[in-house]
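Data block below; observations after.
All residue numbers in this chain count up from 1 along the given sequence.
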Amino acid sequence: MNNMNQMMKQVKKMQEQMLKAQEELANKTVEGTAGGGVVTVTVTGQKKITNIVIKPEAVDPDDVEMLQDLVLTAVNDALNQAEELANKDMGKFTSGMKIPGLF
C-alpha cells in the first residue's frame, strides 16, 4: 500500500510539472519566415499564431499567388518550429511517446 501511495505522489508531481511546462510553452514564441524575411509569422509553443507581418515589397497585385505561397510557407515554418519546441520541452515527460492531444 505504501508503494502505491508513493507512486501516486510521483504521478501527481509529474502532472504538475507537465502543466507548468505547457503553460511555459504558451509564453514562448518562434518565428517562421519566407521570401528572405518579407513574410514573418509568430507562433506560440502551443501553435497559436500571434502575429503576421507582410512587408510592402511582398505585395504585388499582379501576383497574389506568390504572396499566398509566402504566407503559407512562413506559417508552416513557424508551426514546424513550434512543434520542435513543444517536443523539446515536453519530451522529457513523454520519453518519445506520441500522446494525441497532449500538446
Side-chain angles (χ1 to χ4, degrees):
M1 188 64 144
N2 195 21
N3 285 341
M4 181 63 101
N5 287 337
Q6 180 107 11
M7 187 173 80
M8 292 305 291
K9 285 180 184 181
Q10 288 175 331
V11 167
K12 183 176 180 186
K13 182 178 178 182
M14 188 171 107
Q15 286 175 328
E16 290 169 356
Q17 290 172 335
M18 286 177 66
L19 285 173
K20 183 179 179 197
Q22 286 176 325
E23 289 171 5
E24 290 173 357
L25 273 176
N27 295 321
K28 293 181 179 180
T29 60
V30 293
E31 287 186 350
T33 62
V38 295
V39 176
T40 303
V41 176
T42 306
V43 177
T44 69
Q46 290 184 330
K47 301 178 197 162
K48 303 282 188 231
I49 296 173
T50 59
N51 195 30
I52 297 176
V53 175
I54 301 172
K55 292 184 178 177
E57 59 266 28
V59 181
D60 179 354
D62 296 326
D63 195 2
V64 174
E65 287 182 11
M66 175 61 82
L67 179 57
Q68 291 169 335
D69 288 343
L70 290 171
V71 171
L72 184 62
T73 299
V75 167
N76 284 328
D77 182 33
L79 290 175
N80 286 335
Q81 289 184 50
E83 180 75 22
E84 289 175 19
L85 179 66
N87 286 339
K88 184 179 125 203
D89 285 6
M90 299 301 291
K92 58 189 165 211
F93 300 110
T94 61
S95 300
M97 295 182 300
K98 296 289 183 188
I99 302 172
L102 182 60
F103 46 85

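A heavy-atom distance below 4.5 Å is found between the side chains of Val39 and Leu67. Between Met66 and Asp60 the shortest side-chain heavy-atom distance does not fall below 4.5 Å. In this structure, Glu84 and Val30 have side chains that are not in contact, with every pair of non-hydrogen atoms separated by 4.5 Å or more.
One hydrophobic cluster, built from ILVMFWY side chains closer than 4.5 Å, cannot hold both Val53 and Val43; they sit in different ones.
For Ala74 against Ala34, the heavy-atom pair with the smallest separation is N-CB, 3.9 Å. Between Ala86 and Gly45, the shortest heavy-atom contact is CB-O, 4.0 Å. Listed here is the closest heavy atom pair of Ala26 and Gln46: CB-OE1, 3.3 Å.
In the displayed structure, Lys28 atom NZ is contacted under 6.0 Å by more than 12 heavy atoms of other residues, nucleotides or ligands. Annotation: Glu65, atom CD; neighbour count of heavy atoms from other residues, nucleotides and ligands within 6.0 Å does not exceed 12.
In this structure, CE in Met8 is found 8.5 Å from CG in Asn5, a value given to the nearest 0.5 Å. The CD atom of Glu24 sits 10.5 Å away from atom CG of Leu85, with the distance rounded to the nearest 0.5 Å. One distance of note links CG of Leu79 with CD1 of Ile49; it measures 5.5 Å at 0.5 Å rounding. The CD atom of Gln17 sits 11.0 Å away from the CD atom of Gln15 when rounded to the nearest 0.5 Å. The line from CG of Asn76 to CD of Glu83 is 12.0 Å long, rounded to the nearest 0.5 Å. To the nearest 0.5 Å, the span separating NZ on Lys47 from CG on Leu25 amounts to 9.5 Å.
Each of Val71, Leu72, Thr73 was evaluated against Val75; a single residue qualifies, Val71, per the side-chain contact (heavy atoms from CB on, under 4.5 Å) test.
Side chains of Asp77 and Gln81: a donor-acceptor N/O pair is present below 3.5 angstrom, by distance only.
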